[in-house]
Participant: 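Take a look at the following structure, please.
Computed from a predicted structure; not experimentally measured. We use all heavy atoms of the structure for the numbers below, so side chains are in, but hydrogens, waters and symmetry mates are not. Convention: sequence-line order gives letters A, B, ...; per-chain numbering from 1.
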Amino acid sequence: MRFSQLYAPTLRENPADAEIPSQALLQRAGFIRKIAAGIYTYLPLARRTLLKIENIVREEMNKIGAQEILMPIVQPAELWQKSGRWDDYGPEMMKLKDRHNRDFTLGPTHEELVTELVKNELTSYKQLPLSLYQIANKYRDEIRPRFGVLRAREFIMKDAYSFHDSWESLDETYLKFKEAYSKIMERVGLRYTIIEASSGAIGGSESHEFVAFANSGESNILYCDCGYAGSDERVPYKGEYPKYDEDEKQMELVYTPNVRTVEQVAEFLNVEVRRIVKSLIFKGREGYVMALVPGDKELNFEKLKSYLNDQSLQMALPDEILNDFGVPIGFLGPIGLNNVRIVADYGVKYMKNFVVGGMKKDYHYINVNHGRDFEVKEWTDLIVVQPGDPCPVCGKPLKGEKGIELGHIFKLGTKYSETMDVKYMDKDGKLKPFIMGCYGWGISRTLGAVVEQLHDENGIIWPISVAPFEVVITVVGKDKEKQFAEKLYNYLLQNKVDVLIDDREVSPGVKFKDADLIGFPVRITIGRSFKNGLVEIKKRTGELFNVEANEEKIFGKLGELLK
RNA sequence: CGGGGCGUAGCGCAGUCGGCUAGCGCGCCUGUCUUGGGAACAGGAGGCCGCUGGUUCAAGUCCAGUCGCCCCGACCA
């Protein structure tokens with residue numbers, strides 16, 4: 001490819017709307033252009049990288065025996081109603097109607113479709129296990145798309161589904177996917193970790209996430225020297241709860257004008273934050289739920305959802321609360337609350353003489369004790385674990401780092417095969433629901449994650465495996481230099497080197513800046529040292545070599561550098 | 001969804017107390033010249049000032065609505 005013909009418009013300044021390095025650099029270096037919030041066009045450079053990422057994923061999938069298919073993006077509502085997810089997945093689905101006013105969705109995922117696909121034609125245990133996958137666009141109407149391709153509304157994903165007649169068979173395949181995913185991470189050149197995860201709206205039992213470390217990541221990873229790693233959505237709290245060896249005092253309703261936040265309450269009443277109980281109201285399938293957590297801890301929304309087994313759970317809006325309870329947020333509490341399910345964190349159990357909202361504007365109760373002043377029937381772990389809290393395996397303090405979730409694998413079990421009534425005939429002549437697994441990988445997100453992890457102040461630093469071009473020939477000079485550059489270019493092309501020649505009639509500075517910005521792993525400069533019979537070969541990571549201006553010698557050196 | 005901010009040339013921005021012909025830098029085109037880190041000079045093209053309506057002698061500028069984009073948001077970051 002010739003740079004003079006490549007459609008890769010680079011920008012001299014960062015685009016105004018870019019928040020994080022990958023978003024700024026991918027736009028600046030001419031990889032992507034935004035078309036709407038969370039919706040992007042991939043330009044030739046990005047397309048080349050995406051194809052390389054796809055091919056790595058494809059190779060690893062094929063190696064473990066998964067077969068590639070391609071399912072439609074437009075999916076009929078009935079399938080989603082059958083599985084119960086038309087409502088569960090809710091506002092995140094892009095929905096549309098056809099001319100007959102029938103409901104469709106742009107698929108956020110494909111469990112329903114794949115299950116329907118195999119419904120009538122995967123009928124015997126003799127056909128199992130089976131793994132199918134596809135690489136296709138997905139649509140999720142995020143509340144707030146951001147971070148460029150890291151949280152887009154339209155994105156490219158590899159999704160795979162496996163069907164089994166036993167848990168042992170699922171375990172075996174699950175392990176194969178886990179190993180394949182590790183290889184993908186290594187091949188695309190990312191620092192990563194594998195964490196146990198909550199299975200979210202997908203459902204099922206065991207689940208692992210493959211997370212690439214990055215400061216701009218949205219997942220908080222907690223890990224330990226002992227090898228344990230987990231997401232803060234899931235890591236169980238194993239810390240000590242403070243014990244209060246004191247008598248129960250008389251409960252009082254006190255006037256606390258305009259004192260709403262835990263910090264304000266603590267200051268106003270001159271008590272420690274941990275002597276306050278946070279009361280939060282959620283709205284779920286079965287109405288309101290109040291969650292109670294110690295004031296110095298953060299409520300873990302994912303833990304609550306999974307405890308209640310209700311993915312539709314949302315925080316109640318201030319207006320709803322005011323309407324239905326007659327109290328502004330900030331003054332909520334469990335006392336005098338009727339007909340609302342209360343779930344409390346274990347930590348609250350050990351608290352004595354604590355503070356809660358008064359269920360009345362500008363009032364809080366002090367010296368409250370559960371059991372005496374209100375009843376809690378359900379106790380569970382509802383806390384977001386922080387770095388420094390003890391490791392659930394070995395007890396040492398956990399460390400924290402942020403990461404980007406690229407891969408997620410699930411043991412679904414029979415959730416979809418049962419709700420959608422998809423069965424096979426087993427050896428014993430009985431119809432049984434499939435045991436299933438599903439395995440996602442964010443292709444376009446990987447593009448962003450690599451840039452997020454591998455860049456410097458000058459631009460992107462692509463690993464060879466996913467670079468849009470492995471080598472750029474930068475021509476700086478006149479006739480003789482140009483002639484040699486062309487000769488070298490043709491030689492390298494013939495020898496299957498993934499090479500771009502920067503033959504543009506622009507000043508050397510522009511070529512160097514663009515080469516660094518775009519991030520080609522290797523740059524061959526044919527310039528001032530050419531009159532001494534040398535060319536310069538420089539890796540984007542810094543190492544510099546002067547090599548004889550001879551095609552074979554250069555090719556030999558590239559062979560070393562591109563290994 | 002709620003709050004805030006912003007929509008002016010391809011990109012980044014100024015102009016916005018109503019006033020003249022809408023401007024700057026970069027990019028783009030032509031020419032001269034230049035060639036190791038985003039050169040120089042000369043000439044040039046490019047705007048429904050997001051959209052709709054209103055106020056006014058006069059609107060990029062004021063008002064209302066609307067669309068889009070960005071940020072923030074519940075004791076969640």
Participant: For B/rG23, which nucleotide in any strand shown is its Watson-Crick or wobble partner with both distances under 3.5 Å?
Facilitator: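 B/rC13 - that is the nucleotide pairing with B/rG23, both distances being under 3.5 Å.
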Participant: Find which nucleotide of RNA chain B each of A/Lys34 and A/Leu280 is nearest to by heavy atoms, and output the residue with the more 5' nucleotide.
Facilitator: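 Residue closer to the 5' terminus by nearest nucleotide: A/Lys34.
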Participant: Do any side-chain nitrogens or oxygens of A/Arg146 fall under 4.0 Å of OP1 or OP2 in B/rC72?
Facilitator: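 A/Arg146 to B/rC72 OP1/OP2: side-chain N or O found under 4.0 Å.
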Participant: Checking the side chain of A/Asp456 only, and the main-chain atoms of A/Asn458 only, is there a donor and an acceptor separated by less than 3.5 Å?
Facilitator: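 Such a contact is found between A/Asp456 side chain and A/Asn458 backbone.
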Participant: Do the charged groups of A/Arg140 and A/Glu92 touch, with an N to O distance under 4.0 Å?
Facilitator: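 Salt bridge flag = no for A/Glu92 with A/Arg140.
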Participant: If you check every side-chain atom of A/Ala36, which of B/rG36, B/rG73, B/rC69 has the closest atom?
Facilitator: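 Of the options given, the side chain of A/Ala36 lies nearest B/rC69.
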Participant: Whole angstroms only, please: what is the CG-C1' distance between A/Asp345 and B/rC75?
Facilitator: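 Distance check: A/Asp345 CG to B/rC75 C1' gives 15 Å.
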Participant: Ignoring hydrogens and angles, answer whether the base of B/rG36 and the side-chain atoms of A/Arg523 contain a donor-acceptor pair closer than 3.5 Å.
Facilitator: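 Per atom types, no contact qualifies.
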Participant: Take A/Phe354 and A/Tyr244 through the test ring-ring contact (aromatic ring centres under 6.0 Å, His included) and record every step on the way to the result.
Facilitator: CA-CA 11 Å; A/Phe354 49 82; A/Tyr244 299 93; 9.2 Å; no
Participant: Can you work out whether A/Glu505 or A/Ala37 has the more 5'-proximal nearest nucleotide on RNA chain B?
Facilitator: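 Mapping each residue to its closest nucleotide by heavy atoms, the 5'-most match is A/Glu505.
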Participant: Between A/Asp345 and A/Lys297, is the closest basic N to carboxylate O distance under 4.0 Å?
Facilitator: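 No, no charged N to carboxylate O under 4.0 Å.
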Participant: Using purine N1 to pyrimidine N3 plus N6-O4 or O6-N4 for Watson-Crick, or N1-O2 and O6-N3 for G-U wobble, both under 3.5 Å, which nucleotide pairs with B/rG46?
Facilitator: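 The answer is none; no pair meets the criterion.
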Participant: Determine which nucleotide pairs with B/rA58, using a 3.5 Å limit on both distances of a Watson-Crick or G-U wobble pair.
Facilitator: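 Pairing partner: none.
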Participant: How is A/Arg28 classified with respect to the nucleic acid when contacts are heavy atoms under 4.0 Å: base, sugar-phosphate, or nothing?
Facilitator: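 If one applies the 4.0 Å heavy-atom cut-off, A/Arg28 turns out to touch a base.
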Participant: Tell which nucleotide pairs with B/rG2, taking only Watson-Crick or G-U wobble pairs whose two distances are both under 3.5 angstrom.
Facilitator: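 Pair assignment: B/rG2 / B/rC72.
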Participant: Output one line per pair: protein atom, nucleotide atom from nucleotides 23-29 of chain B, and distance, for all N/O pairs under 3.5 Å.
Facilitator:
unit_1 : atom_1 : unit_2  : atom_2 : d
B/rG25 : N2     : A/Glu13 : OE1    : 3.4
B/rG27 : OP1    : A/Arg12 : NH1    : 3.4
B/rG27 : OP1    : A/Arg12 : NH2    : 3.2

Participant: Between N or O atoms, less than 3.5 Å apart, protein on one side and nucleotides 41-43 of chain B on the other: list the pairs.
Facilitator:
none

Participant: Does the distance from a Lys or Arg side-chain N to an Asp or Glu carboxylate O, for A/Glu154 and A/Lys138, drop under 4.0 Å?
Facilitator: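 Salt bridge flag = no for A/Lys138 with A/Glu154.
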Participant: Is A/Lys34 salt-bridged to A/Asp17, cutoff N-O under 4.0 Å?
Facilitator: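 So A/Lys34 pairs with A/Asp17 through a salt bridge.
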Participant: Thinking salt bridges, do A/Arg151 and A/Glu142 make one under a 4.0 Å N-O criterion?
Facilitator: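 Counted as a salt bridge, because a side-chain N and a carboxylate O are separated by less than 4.0 Å.
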Participant: Figure out the CD1/P separation between A/Ile383 and B/rC75, and round it to whole Å.
Facilitator: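 For the pair A/Ile383 CD1 and B/rC75 P, the rounded distance is 18 Å.
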Participant: Considering only B/rC69, B/rG36, B/rG38, which nucleotide approaches the side chain of A/Arg153 most closely?
Facilitator: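 The nucleotide sitting nearest to the side chain is B/rC69.
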Participant: Return no unless some side-chain N or O of A/Arg144 is found under 4.0 Å from OP1 or OP2 of B/rC72.
Facilitator: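 For B/rC72, OP1/OP2 do have a side-chain N/O of A/Arg144 under 4.0 Å.
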Participant: May I ask you to check whether A/Phe210 and A/His408 place their ring centers less than 6.0 Å from one another?
Facilitator: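 No.
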Participant: Can you tell me how far C1' of B/rG38 sits from CZ of A/Arg504, to the nearest Å?
Facilitator: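 Going from CZ in A/Arg504 over to C1' in B/rG38 covers 10 Å.
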Participant: Rounded to the Å, how far apart are A/Asn14 CG and B/rG38 C1'?
Facilitator: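 Checked: the CG to C1' distance equals 14 Å.
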Participant: Could you please name the partner base of B/rG65, counting Watson-Crick and G-U wobble pairs only when both distances are under 3.5 Å?
Facilitator: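 For B/rG65, the partner nucleotide comes out as B/rC51, under the 3.5 Å rule.
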Participant: For nucleotides 3-10 of chain B, print each protein N/O atom paired with a nucleotide N/O atom at under 3.5 Å, atom names and distance only.
Facilitator:
none

